[in-house]
Engineer: 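Quick one: structure below, then a few questions.
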Protein chains: 2
Amino acid sequence: MEKRHDHAEAIKLARENMPKDELLCDLGDLFKIFGDTTRIKILYLLFESELCVLDMTELLGMEQSAVSHQLKILKDAKLIASRREGKMNVYFLSDDHVRSIIGQGFEHLTEEGERE
Amino acid sequence: MEKRHDHAEAIKLARENMPKDELLCDLGDLFKIFGDTTRIKILYLLFESELCVLDMTELLGMEQSAVSHQLKILKDAKLIASRREGKMNVYFLSDDHVRSIIGQGFEHLTEEGERE
DNA sequence: ATATCATATGAACAATGATTCATATGTATG
DNA sequence: CATACATATGAATCATTGTTCATATGATAT
């Protein structure tokens with residue numbers, strides 16, 4: 001009887017190419033940030049234009065405090081950045097990876113849909 | 001004094017391009033799946049070769065039950081698929097979006113690192 | 001059939017995390 | 001300096017979620 005799945009070989013290959021635990025942890029932490037609807041919404045908002053906190057609070061229909069908390073998380077992850085403008089803090093995307101990552105997720109979802 | 005941040009215009013632009021809530025939710029749910037080290041590890045393992053549950057249990061040094069639970073989550077999200085081979089269930093990546101998404105996350109992390 | 005191997009699954013528990021409330025910081029203006 | 005405006009932050013709460021334990025299902029061989 002032919003053996004189709006070769007445990008030893010598969011395990012060897014998989015083990016050799018496993019990145020360090022720290023990187024895997026960082027990756028998880030990064031994606032965790034995208035794993036929340038509020039934060040996804042904020043990022044989408046910033047796709048189009050810079051926004052101050054009150055703008056976002058209004059657009060999201062949420063409490064100002066909740067928005068600020070999420071902005072901090074996004075900023076700590078360097079996904080967004082901000083600058084002062086008088087009394088306001090204006091937020092904007094800090095690089096294009098955000099668009100790429102969300103774009104890939106979007107593709108996965110829509111192609112799944114088509115197949116069914 | 002020149003007004004640098006135009007609230008009305010920014011809000012209008014942002015609101016027009018906001019996808020439906022359902023999509024935003026689905027996106028969040030998808031990324032939530034990548035937001036766990038165990039699942040990231042499993043996906044990385046499957047980058048190289050198909051694996052049965054016991055292979056992964058050994059490679060991850062985790063309980064079989066924990067691995068199975070995570071496999072179910074990945075399978076429900078159509079990120080992986082499986083086939084029977086005798087007593088075993090052999091798992092494999094179901095499409096290349098997994099590689100792209102993780103790749104983008106990886107890039108964000110490493111480029112951040114370089115800049116500092 | 002029964003014993004065994006491989007995997008799946010349900011319930012319980014502990015940890016994590018998003019939101020709210022209350023309050024503090026920072027900035028302009030009278 | 002006092003007041004109002006814009007934002008940030010700490011503590012508390014409620015919900016979500018990963019893991020474990022115990023057990024169920026499914027497949028093979030004797």
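Each chain gets a letter, A, B and so on, in the order the sequences are listed, and its residues count up from 1. Hydrogens, waters and symmetry mates are skipped; everything else that's a heavy atom, side chains included, is used.
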Engineer: What pairs with Glu50(B) under side chain to side chain contact (heavy atoms under 4.5 Å, CB included), at least two apart in sequence or on another chain?
Structural biologist: Arg83(B), Val90(B), Phe92(B)
Engineer: Quick one: Ile80(B) CD1 to dT7(C) C1', roughly how many Å, whole number?
Structural biologist: 13 Å
Engineer: If the condition is side chain to side chain contact (heavy atoms under 4.5 Å, CB included), which residues does Glu22(A) pass it with, not counting sequence neighbours?
Structural biologist: Asp26(A)
Engineer: Is there any ring-ring contact (aromatic ring centres under 6.0 Å, His included) pair reaching into residues 40-65 of chain B, and which pairs are they, with sequence neighbours excluded?
Structural biologist: Tyr44(B)-Phe47(B)
Engineer: Can you measure Arg83(B) atom CZ to dA27(D) atom P for me and round it to whole angstrom units?
Structural biologist: 16 Å
Engineer: Distance-only criterion, 3.5 Å: show the donor-acceptor pairs between side-chain atoms of residues 31-41 of chain B and protein atoms not counting sequence neighbours.
Structural biologist:
residue	atom	partner	partner atom	Å
Asp36(B)	OD2	Thr38(B)	N	3.1
Asp36(B)	OD2	Arg39(B)	N	3.1
Arg39(B)	NE	Ile33(B)	O	2.7
Arg39(B)	NH1	Gln70(B)	OE1	2.6
Arg39(B)	NH2	Lys32(B)	O	3.2

Engineer: Specify the separation, in whole Å, of atom CD of Glu63(B) and atom P of dA12(C).
Structural biologist: 18 Å
Engineer: Please encode protein proximity along nucleotides 6-18 of chain D as a string of B, S and -, counting only heavy-atom distances under 4.0 Å.
Structural biologist: SBBBB------SS
Engineer: Between Ser100(A) and Gln104(A), is any side-chain donor less than 3.5 angstrom from a side-chain acceptor?
Structural biologist: no
Engineer: Taking CE from Met56(B) and P from dA6(C), how many angstroms apart are they, rounded to a whole number?
Structural biologist: 14 Å
Engineer: Would you list the atom pairs, donor with acceptor, under 3.5 Å between side chains in residues 53-63 of chain B and any protein atom, with sequence neighbours excluded?
Structural biologist:
residue	atom	partner	partner atom	Å
Asp55(B)	OD1	His7(A)	ND1	2.7
Asp55(B)	OD2	His5(A)	NE2	2.6
Asp55(B)	OD2	His7(A)	ND1	3.3
Asp55(B)	OD2	Cys52(B)	N	3.3
Thr57(B)	OG1	Val53(B)	O	2.8

